[in-house]
Amino acid sequence: MAKKKSKLAWRERAKQLYAEGVDVNAIPDVVYEEYKSDKVFKGKTSAKNTISRFLRETYPPKPKTFEERIEAQKSSIVTREEKKRDKKLLTKIAVTDMIIDATLDALKARPLREIKPFEVNLDRTYSEETIVLMISDIQAGTYISSEASGGLNEYNWSILEKQFDQLYIGLEEIVTRHKRVAPIKSLHVHLIGDIVEGYDIFKGQTRQIDTEITEQAIGVKDLLCDFLQKALHLFDKIHVVAVPGNHGRIGTKGENLHYVSWDYIVYKWMQSELKNFDSITWQITKSWWQIDTIYGYNFLMFHGDDIKSWQGIPYYGIDRAAKNYHELLELLGLKYNYLEIGHFHVPSELSGVTTEKFINGCWPGGSLYSMKGLVTANYPVQKLFAVHPTQGVTYRYPIKLTLPKKRK
Ligand SMILES: [Mn+2]
């Protein structure tokens with residue numbers, strides 16, 4: 001300090017300190033301490049404010065340049081955003097901590113689990129179930145040349161016969177397996193149309209069949225009868241329900257009613273041929289739709305050729321048809337729980353609020369038309385499902401009809 005303080009008024013002392021290069025923010029403290037005993041100030045805070053104001057007026061701060069102001073503004077924005085972000089982060093961490101603490105407290109409060117021996121009742125019995133086998137879209141008589149399809153598919157009458165063997169092997173395997181758990185006594189066979197391929201359904205079809213229509217009907221009737229007779233080894237009772245498809249129609253489209261069909265002839269013929277078998281019952285009508293009731297569940301079936309597809313996709317049409325049938329059947333006071341259709345060759349199951357829909361697969365697999373035009377081929381499968389007295393449809397299986405290939 002250059003001069004003794006008492007000889008200077010506080011203003012002069014402040015200027016002196018400033019001239020000595022003391023930090024302008026530190027000067028009010030120094031001056032107040034030196035002069036407070038002189039009673040020139042009222043109180044500490046007001047003294048410091050007065051001294052600071054004096055210094056600001058005497059030495060006004062140098063105005064900042066535009067660039068400096070931009071920098072200052074930038075840093076103030078950054079500071080403000082950082083503060084905001086920190087606040088959010090702190091809140092998040094605090095809330096998470098509170099949840100973890102509360103969870104840990106709740107866990108501590110849980111009583112210990114009692115150790116008890118686990119009991120399995122091996123003698124428990126399960127309810128009987130009934131098996132449904134959907135058979136459709138056999139299209140017996142279809143011929144697909146391996147050469148014309150570039151090896152993608154091959155189909156002919158001899159393959160069809162082997163597929164019937166595969167269908168039985170699949171059925172036997174599934175049924176004997178499940179019989180170990182629960183009694184199975186009845187098989188319901190749902191014949192859903194397109195049993196024969198026909199010969200004049202589309203242009204050029206005669207070059208895609210290897211069997212005349214009459215032989216298609218006789219041959220497939222024999223194969224189906226053999227199959228049913230064999231299935232009596234596995235079941236006490238077989239119930240057959242049948243509706244016609246579009247491939248067996250006789251005459252041009254719309255010329256005759258839907259039951260004027262080779263499918264209908266095949267069904268009636270099967271019934272007549274197997275009339276000695278009391279354990280096989282038949283539900284064949286002239287209608288295009290049928291309902292089969294199993295344990296009180298109603299299974300509605302029709303072929304599906306009246307359902308429109310959009311861009312080759314039938315699902316919207318199926319959904320609409322399913323809803324419309326609910327309304328139509330109200331005329332008879334009937335309700336149905338499950339819908340079964342064929343025709344689309346795309347094996348699928350669609351769930352709904354009250355109705356589950358089953359769409360069966362086909363036997364010939366990808367046709368020249370589907371593979372060349374739509375670039376799609378479906379695996380030949382038929383659908384099997386089980387009906388439980390209180391659960392409705394439970395397990396379901398695709399039975400693959402393709403012969404197992406030898407591994408190379
Ligand atoms: Mn069809």
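Atoms considered below: every heavy atom in the structure, side chains included; atoms not considered: hydrogens, waters and symmetry mates.
In summary, the aromatic rings of Y325 and W289 are positioned with their centroids too far apart to meet the 6.0 Å limit. For W282 and F277, the ring centers sit 6.0 Å or farther from each other.
Under the 3.5 Å distance criterion, the side-chain polar atoms of N337 are matched with a main-chain donor or acceptor of N298. The backbone N or O of V346 lies less than 3.5 Å from a partner atom in the side chain of S348, making a donor-acceptor pair. Side chain of R396 to main chain of T394: a donor-acceptor pair is present (N/O by atom type, distance under 3.5 Å, no hydrogens or angles). Of the possible donor and acceptor atoms, one in the side chain of K179 sits under 3.5 Å from a partner among the backbone N and O of L234. Under a 3.5 Å cut-off, the side chain of Q290 and the backbone N or O of A242 do form a donor-acceptor pair. Not a single donor-acceptor pair under 3.5 Å links the side chain of N246 to the backbone N or O of D305. No donor-acceptor pair closer than 3.5 Å links the side chain of R124 to the backbone N or O of Y126. Side chain of S272 to backbone of K268: no donor-acceptor contact under 3.5 angstrom is found. In this structure, D263 contributes its side chain and I195 its backbone to a donor-acceptor pair below 3.5 Å.
In this model, no donor atom of one side chain and acceptor atom of the other lie less than 3.5 Å apart for H239 and H188. No hydrogens or angles considered: nothing links the side chains of H345 and S370 as a donor-acceptor pair under 3.5 Å.
Contact annotation: the side chain of E81 never approaches that of V78 to less than 4.5 Å [non-hydrogen atoms, C-beta and beyond]. Side-chain contact between L191 and L224 is present, with at least one heavy-atom pair separated by less than 4.5 Å. In this structure, the side chains of D292 and Y338 stay at 4.5 Å or more apart for every pair of heavy atoms. The shortest side-chain heavy-atom distance between V24 and Y59 does not fall under the 4.5 Å cut-off. Inter-residue side-chain proximity for Y297 and V393 is flagged as unmet; no heavy-atom pair is nearer than 4.5 Å. Inter-residue side-chain proximity for S279 and I238 is flagged as unmet; no heavy-atom pair is nearer than 4.5 Å. Using a 4.5 Å cut-off on side-chain heavy atoms (C-beta onward), I27 and F54 make no contact. Side-chain contact between I99 and T103 is present, with heavy atoms from C-beta onward closer than 4.5 Å.
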| said: Between V196 and I265, does the side chain to side chain contact (heavy atoms under 4.5 Å, CB included) criterion hold? Intermediate values first, please. | reply: CA-CA 11 Å; V196 297; I265 294 168; over 6 Å; no
| message | Checking L223 against F227 for the side chain to side chain contact (heavy atoms under 4.5 Å, CB included) test, could you report, in this order, the C-alpha distance in whole Å, the side-chain angles of both residues, the deciding distance, and whether it holds? | response | CA-CA 6 Å; L223 289 168; F227 175 81; over 6 Å; no
| Verdict with reasoning, E82 to R85, per side chain to side chain contact (heavy atoms under 4.5 Å, CB included) | CA-CA 5 Å; E82 279 176 349; R85 199 191 55 210; 4.1 Å; yes
| request: Quick one: do S287 and V243 satisfy side chain to side chain contact (heavy atoms under 4.5 Å, CB included)? Show the steps, please. | output: CA-CA 7 Å; S287 170; V243 290; over 6 Å; no
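Looking at every heavy atom in both residues, K357 comes nearest to A322 through CE-CB, 3.6 Å. Counting all heavy atoms, side chain and backbone alike, E129 lies closest to Y295 at C-OH, 3.6 Å. Taking all atoms of both residues into account, the shortest heavy-atom contact from N153 to G366 is ND2-O, 2.7 Å. Residues L228 and V240 come closest through the heavy atom pair CD1-CG2, 4.0 Å. Heavy-atom minimum distance, L160 versus A140: CD2-CB, 3.7 Å. Of all the heavy atoms in E154 and I159, the pair that sits closest is O-CD1, 3.4 Å.
Annotation: cation-pi pair K383/F358 absent, no NZ/CZ under 6.0 Å from the ring centroid and within 45° of its normal.
Comment: D226 does not engage K230 in a salt bridge, judged by the lack of any side-chain N to carboxylate O separation of less than 4.0 angstrom.
Residue Y397 forms a side chain to side chain donor-acceptor pair (under 3.5 Å) with just one option from R177, H178, Q382, and that option is H178.
Rounding to the nearest 0.5 Å gives a distance of 9.5 Å between OG of S136 and CH2 of W363.
Residue E255 places its CD atom among more than 12 non-hydrogen atoms of other residues, nucleotides or ligands, all under 6.0 Å distant. No more than 12 heavy-atom neighbours from other residues, nucleotides or ligands sit within 6.0 angstrom of CH2 on W288.
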Mind listing the side-chain donor-acceptor pairs of residues 199-214 below 3.5 Å, one per line with the distance, residues two or more places apart or on another chain?
from : atom 1 : to   : atom 2 : distance (Å)
Q205 : OE1    : Y199 : N      : 3.4
Q205 : OE1    : D200 : N      : 2.9
Q205 : OE1    : I201 : N      : 2.7
Q205 : NE2    : E197 : O      : 2.9
Q205 : NE2    : E197 : OE2    : 2.9
D210 : OD2    : W157 : N      : 3.0

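Judged as a side chain to side chain contact (heavy atoms under 4.5 Å, CB included), and not counting sequence neighbours, the contacts of T65 are E67, E68.
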